[in-house]
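Some notes on the structure that comes next.
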Amino acid sequence: MAVRRSILGIDGPEPLARAMRDAQYIADEGLSTAAYLALALGKPLLLEGAPGVGKTEAAKALASVLGRELVRLQCYEGIDSAAALYEWNFPRQMLAIRQAGEEYVNLYADTFLVARPLLLALQAPRDRVLLIDEIDRADHEFEAFLLEFLSDFTISIPERGTIRAEEPPVVILTSNRTRELHEALRRRCVYHWIGYPAPALEAEIVMMRAASVARDTADRVVAAVNGLRAEPLAKPPGVAETVEWAEAATLLHSQGVAWPRAFLRSIGVALKDQDDLEWVAPRLEALLGGQAA
Ligand SMILES: Nc1ncnc2c1ncn2[C@@H]1O[C@H](COP(=O)(O)OP(=O)(O)O)[C@@H](O)[C@H]1O
Ligand SMILES: [Mg+2]
């Protein structure tokens, strides 16, 4: 196994965390360590966690730190290899045949090849980061296919032969854990579970992402959101909801709505499910800590 101590001058989890912060992402020690080790060991990074905890955003930040383009494969039920690898541009092939008349057309030339994320990553592994997002949405068959791809980083195009990456690309996989992933797939990766951020960290994220928000507003929203996450909700708020709720309440307050009314009236930014809203309605004021600042 080729171990690289330094990746583009980043030689350890702490320098990586600092670089990610410059890319507007706050990584705790666990995440920066897992990400650094995945890069250094040349292994895929598997990030698992609830929706909205910052998995996709972590991949974007890592790509930005590495100065590479992020190519994203969004998984869904029924996704197949054509969507992941490549397709032939059939209408264009037809057009070329018509235009060529009697002349020979190479229907499998580059101009007709539509590269999808996995092929894009293989074609330029030094310039791209591959994000395989929400792999738990894909079916088992596709997961098995991905496992094979992650084992040898080759793609075979019958009309063209086998394409092999010059070096293994940086790969990040995410899962919302709506189901368990195969043992074999997990074994191939460096694994990290992203939980909801600690309150101080989440307040910091709010301050970083929403410049208009005052510190005590951020703290109150974070406290309320953590209270909400402890309730049996269908859709607990993620970090994006925390940021937006703080921003929305700040906006209302600037227009003359008093605290804590500004929080209460903007709750639709944090909770987007009618049953959840009904459930928390009688508890909301207590969650916001009673008296307003
Ligand atoms: N650690 C973090 N640092 C900065 N922003 C974060 C962090 N975690 C989450 N966010 C914010 O939360 C939003 C949702 O995160 P996202 O990556 O889409 O969640 P997931 O992919 O886990 O569902 C992001 O757009 C970002 O604004
Ligand atoms: Mg995501």
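Each ligand, and each atom within it, is numbered from 1 in the order the structure gives.
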Q.
Would the distance check show the side chain of R116 and the main-chain N or O of E87 forming a donor-acceptor pair, the cut-off being under 3.5 Å?
A. no
Would you call E247 and R209 a salt bridge, using N to O less than 4.0 angstrom? no
For atom 11 (C) of ligand 1, the closest protein heavy atom turns out to be V239 CG1, 3.8 Å
shortest atom 18 (O) of ligand 1-to-protein heavy-atom contact is with T56 CB, 4.2 Å
Within the 4.0 Å heavy-atom cut-off, what R209 brings close to ligand 1 is side chain
Logged contact type for I205 with ligand 1, heavy-atom cut-off 4.0 Å, is side chain
Does some non-hydrogen atom of P51 fall short of 4.0 Å from ligand 1?
yes
- Item | E48 and Y191: side chain donor to acceptor below 3.5 Å | yes
among protein heavy atoms, the one nearest atom 13 (C) of ligand 1 is A240 CB, 3.6 Å
Please confirm whether Q24 approaches ligand 1 to less than 4.0 Å, judged on its heavy atoms.
yes
Across all chains, not counting sequence neighbours, the side-chain hydrogen bond (donor to acceptor under 3.5 Å, both in side chains) partners of D219 are R215
of all protein heavy atoms, closest to atom 25 (O) of ligand 1 is E57 OE1, 3.3 Å
Look at the aromatic rings of Y86 and W88 and report parallel, tilted or perpendicular, splitting at 30° and 60°. perpendicular
The atoms of ligand 1 lying under 4.0 Å from a heavy atom of G54, numbered in the order shown, are 8 (N), 9 (C), 15 (O), 16 (P), 17 (O), 19 (O), 20 (P), 22 (O)
If you measure every N or O of N176 against every N or O of ligand 1, does any of those distances drop under 3.5 Å?
no
The protein heavy atom nearest to atom 3 (N) of ligand 1 is I26 N, 3.0 Å
S175 side chain to E134 main-chain N or O, any donor-acceptor pair under 3.5 Å?
no
Check your understanding: Considering distance alone, does some N or O of V53 sit under 3.5 Å from an N or O of ligand 1?
Key -> yes
Side-chain heavy atoms of W279 within contact of P232, under 4.5 Å: yes
*Do NZ/NE/NH1/NH2 and the carboxylate oxygens of R21 and E204 come within less than 4.0 Å?*
yes
Atom 23 (O) of ligand 1: closest protein heavy atom, distance to 0.1 Å, is G52 N, 2.6 Å
Next on the checklist: Quick one: does any side-chain atom of R160 pair with a main-chain N or O of Y108 as donor and acceptor, under 3.5 Å?
Outcome noted: yes
N/O/S atom of T56 inside 2.8 Å of the Mg ion (ligand 2), strictly under: yes
